[in-house]
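See structure below.
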Amino acid sequence: MLSVLFLSTCEVNAAEPISASISQRFNINLSNGSYWGSSYQSTESLNTSDFSTLNFVSSNDISIDGSKFYFVYADMNIHPEITSGTTALSILDFSMYDKNFTPLRFSGTQPKTLPSVTTSNNCNFVLGVVKGSEIEMNGKFNYPFIISGTCVTTSAVQNYRYNFDLVCNGTIYIREATEVEIANAGTPTSDAGTQQKLDEIQEQNEEAQETRSGIFESIKEFFGSFFDNLIHIFVPEDGFFEEWFDKVLQLLEDKFGFLFTPLDFFIRLIQAIYTADTSESAIPFPEIKWEDTVIISAQNISLSDLWDGKFDEVREKLYFVTDIISIFAFFSLLRKKLSLIIRGNEDDN
Amino acid sequence: MIIEGIFNLIYNLLNYVLLPIDLPDFPETFTSALDDFIGYMEGAVGIVSLFIRPVTFRTLLPLCIAMANLEKIYSFIMWVLRKLPFLGIE
């Protein structure tokens with residue numbers, strides 16, 4: 001049996017571990033007295049030439065400042081089914097990494113490497129030094145971290161699942177991991193109960209996140225749409241007045257018939273003035289016809305064509321002169337009208 | 001929404017009030033003559049635009065109409081203001 005012990009300075013936490021498979025990232029905020037464990041299922045039978053990497057990815061949310069992680073004791077027993085006396089199990093390397101898979105430094109050793117141990121029966125590793133009630137490794141490191149180990153056996157064995165508990169100083173405590181033989185190799189598994197618990201926690205976290213996002217979105221939408229709605233209370237949408245006037249004019253035309261013709265004529269006249277095409281320097285001639293016979297068809301006599309395109313230049317100068325005249329005429333009219341209102345007559349003096 | 005509601009209410013009231021009225025149109029020949037006249041006016045605008053910049057013309061036209069009727073506009077505004085007692089305009 002392979003068991004791994006993690007000790008720290010606090011009391012033993014007897015709660016059920018949260019187990020998960022290898023390489024699965026956790027988002028667990030460790031609180032005092034809590035712990036989480038990880039399990040690993042070897043993917044292949046362990047042979048001499050086969051390596052099985054234990055790779056545990058811890059939470060990336062562990063935020064216990066100054067916490068220590070004590071990897072204390074590795075007690076590996078050969079699986080009972082391994083009957084060969086030559087079977088050996090070794091941990092060739094044991095390292096700790098941060099979340100970026102960078103080896104953690106401690107005591108000048110990077111990474112922490114264990115001596116290769118081979119045993120024909122049981123082998124024990126002491127990865128730390130016992131100090132009173134705790135056994136401390138040389139290093140102090142920050143979370144999150146990864147425990148990585150490589151196991152080599154000299155002969156094939158059954159597939160294993162290794163349960164581990166990661167222990168944080170003041171937070172997580174001893175958990176003796178036990179090896180459990182499993183039927184389906186190659187698939188990381190975990191205890192059904194702990195996996196269910198993990199799923200529940202993850203689901204709760206997702207729900208809480210969705211709730212928070214929903215609240216913020218609601219607040220944002222509320223304030224975003226509040227002013228729009230406030231404006232829409234007083235200001236109609238684009239094109240409303242145009243549509244409304246068209247409706248009213250159509251109603252008046254339908255109801256008043258010939259009485260509405262002068263007003264309709266005036267409106268159409270204004271529209272004709274404002275929508276007439278003035279882009280070309282041409283004099284339009286309307287169609288002349290007698291009953292159904294067209295005598296002269298509608299046509300535009302282009303002054304530009306008649307004058308080899310020079311009329312456009314002349315027209316620009318004409319525009320300039322008539323602009324000045326028009327504006328002066330308008331202000332003259334304005335002055336006369338203001339004089340009429342203020343003085344009661346149009347006398348300039 | 002408020003403005004739209006008021007205008008729609010006006011339209012509905014107008015529609016309701018004018019419900020019994022249904023006057024006939026002018027004869028077709030008369031309306032077609034008016035259409036021709038409108039067409040001539042469009043041509044006339046084209047001619048005018050040979051000499052007066054269309055933008056200037058279209059801008060000054062409503063202003064000139066307003067100025068020509070400035071006394072009436074002024075009288076109307078003063079009539080409204082006199083209705084407000086707190087202004088004290090006699």
Side-chain angles (χ1 to χ4, degrees), chain A residues 229 232-237 240-241 244-245 247-248 251-261 264-265 268-287 298 300 303 311 315-316 318-323 325-327 329-330 333-334 336-338 340-341, chain B residues 1-8 10-12 14-15 17-27 30-31 34-75 77-78:
Chain A
N229 293 333
H232 284 151
I233 289 175
F234 300 101
V235 180
E237 293 180 358
F240 170 77
F241 286 112
W244 187 84
F245 277 113
K247 278 192 331 185
V248 170
L251 174 69
L252 295 176
E253 186 177 357
D254 293 341
K255 295 296 180 182
F256 288 104
F258 69 93
L259 290 179
F260 183 72
T261 301
D264 180 53
F265 171 74
R268 289 173 60 193
L269 188 63
I270 297 296
Q271 286 178 343
I273 292 171
Y274 276 85
T275 59
D277 182 19
T278 57
S279 58
E280 188 183 5
S281 301
I283 300 174
F285 282 92
E287 182 185 69
N300 288 337
L303 297 178
F311 184 77
R315 189 173 69 162
E316 283 301 317
L318 274 174
Y319 279 169
F320 177 72
V321 174
T322 54
D323 280 351
I325 294 172
S326 302
I327 291 169
F330 171 74
L333 176 65
L334 180 63
K336 285 181 181 177
K337 290 296 179 183
L338 288 176
L340 179 66
I341 291 171
Chain B
M1 226 184 297
I2 294 175
I3 303 292
E4 287 183 13
I6 292 172
F7 274 75
N8 286 331
I10 292 171
Y11 174 77
N12 290 330
L14 206 59
N15 202 359
V17 169
L18 298 178
L19 198 61
I21 302 174
D22 191 13
L23 297 176
D25 285 334
F26 273 119
F30 183 78
T31 54
L34 284 179
D35 292 341
D36 290 341
F37 183 78
I38 294 294
Y40 298 150
M41 289 304 298
E42 287 180 355
V45 171
I47 295 172
V48 171
S49 67
L50 293 176
F51 307 101
I52 301 176
R53 199 187 303 274
V55 175
T56 308
F57 178 69
R58 289 166 185 166
T59 305
L60 289 180
L61 180 66
L63 291 175
C64 288
I65 293 173
M67 284 300 108
N69 297 282
L70 191 61
E71 307 99 302
K72 297 181 179 63
I73 295 170
Y74 175 77
S75 300
I77 292 172
M78 292 306 295

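Letters A, B, ... mirror the listed sequences (proteins, then strands); counts begin at 1.
- Residues Ile10(B) and Trp244(A) have side chains in contact (heavy-atom distance under 4.5 Å, counting atoms from C-beta outward).
- With rounding to the nearest 0.5 Å, the separation of CD1 in Ile270(A) from CG in Leu61(B) is 6.0 Å.
- For the pair Leu70(B) and Leu338(A), the minimum side-chain heavy-atom distance is below 4.5 Å.
- Heavy atoms closer than 4.5 Å to chain B are found in both the backbone and the side chain of Leu269(A).
- When side chains are defined from C-beta on, Ile73(B) does not count as touching Lys337(A), because their heavy atoms never get closer than 4.5 Å.
- In this structure the side chain of Phe260(A) never reaches within 4.5 angstrom of the side chain of Asp25(B), judged on heavy atoms.
- Legend: residues meeting ring-ring contact (aromatic ring centres under 6.0 Å, His included) with Tyr74(B), ordered by chain and number and at least two apart, are absent.
- In terms of non-hydrogen atom pairs under 4.5 Å with chain A, the most contact-rich of Ile3(B), Asn8(B), Leu50(B), Ile2(B) is Leu50(B).
- Looking at Asp264(A), there are no atoms closer than 4.5 Å to chain B (heavy atoms on both sides), in backbone or side chain.
- Neither the backbone nor the side chain of Gln271(A) has a heavy atom closer than 4.5 Å to any heavy atom of chain B.
- Contacts of Asp36(B) with chain A are absent, with no heavy-atom separation under 4.5 Å from either backbone or side chain.
- Put simply, the side chain of Glu316(A) reaches to within 4.5 Å of the side chain of Arg53(B), judged on heavy atoms.
- Nearest heavy atom pair, residue Leu60(B) against residue Ser326(A), reads CD1-CB, 3.3 Å.
- Residues Leu251(A) and Asn15(B) have side chains in contact (heavy-atom distance under 4.5 Å, counting atoms from C-beta outward).
- Under the side chain to side chain contact (heavy atoms under 4.5 Å, CB included) criterion, Thr261(A) pairs with Phe258(A), Phe26(B), Phe30(B), Leu34(B), sequence neighbours left out.
- For a residue to count as touching a neighbouring chain, one of its non-hydrogen atoms must lie under 4.5 Å from one of that chain's; by this rule Phe241(A) touches chain B with the side chain only.
- For Phe51(B) and Tyr319(A), the gap between ring centers reaches or exceeds 6.0 Å.
- The residue among Ile327(A), Asp254(A), Asp323(A) with the most heavy atom pairs within less than 4.5 Å of chain B is Asp323(A).
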Practice task
For the pair Ile38(B) and Phe265(A), evaluate side-chain contact (heavy atoms from CB on, under 4.5 Å) and give the outcome as yes or no after the intermediate values.
Solution key: CA-CA 8 Å; Ile38(B) 294 294; Phe265(A) 171 74; 3.5 Å; yes
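- With a 4.5 Å cut-off on non-hydrogen atoms, Phe256(A) touches chain B through its backbone and its side chain both.
- At a 4.5 Å heavy-atom cutoff, the contact between Leu334(A) and chain B is made by backbone and side-chain atoms alike.
- Using a 4.5 Å heavy-atom threshold, the side chains of Phe330(A) and Thr59(B) count as separate.
- Of the listed residues (Asp35(B), Leu19(B), Thr31(B)), the greatest number of heavy-atom pairs within a distance under 4.5 Å of chain A belongs to Asp35(B).
- Note that CD1 of Ile21(B) is 8.0 Å distant from NZ of Lys255(A), once rounded to the nearest 0.5 Å.
- Heavy-atom pairs under 4.5 Å with chain A peak, among Glu4(B), Met67(B), Met41(B), at Glu4(B).
- Crowding of Phe320(A) atom CZ: a count of heavy atoms from other residues, nucleotides or ligands under 6.0 Å not exceeding 12.
- The distance from the CD atom of Glu71(B) to the CD1 atom of Ile341(A) is 6.0 Å, given to the nearest 0.5 Å.
- In this structure, no portion of Ile325(A) lies under 4.5 Å from any heavy atom of chain B.
- Contacts with chain A were tallied for Ile47(B), Leu18(B), Thr56(B), Asp22(B); Leu18(B) has the most, counting heavy-atom pairs under 4.5 Å.
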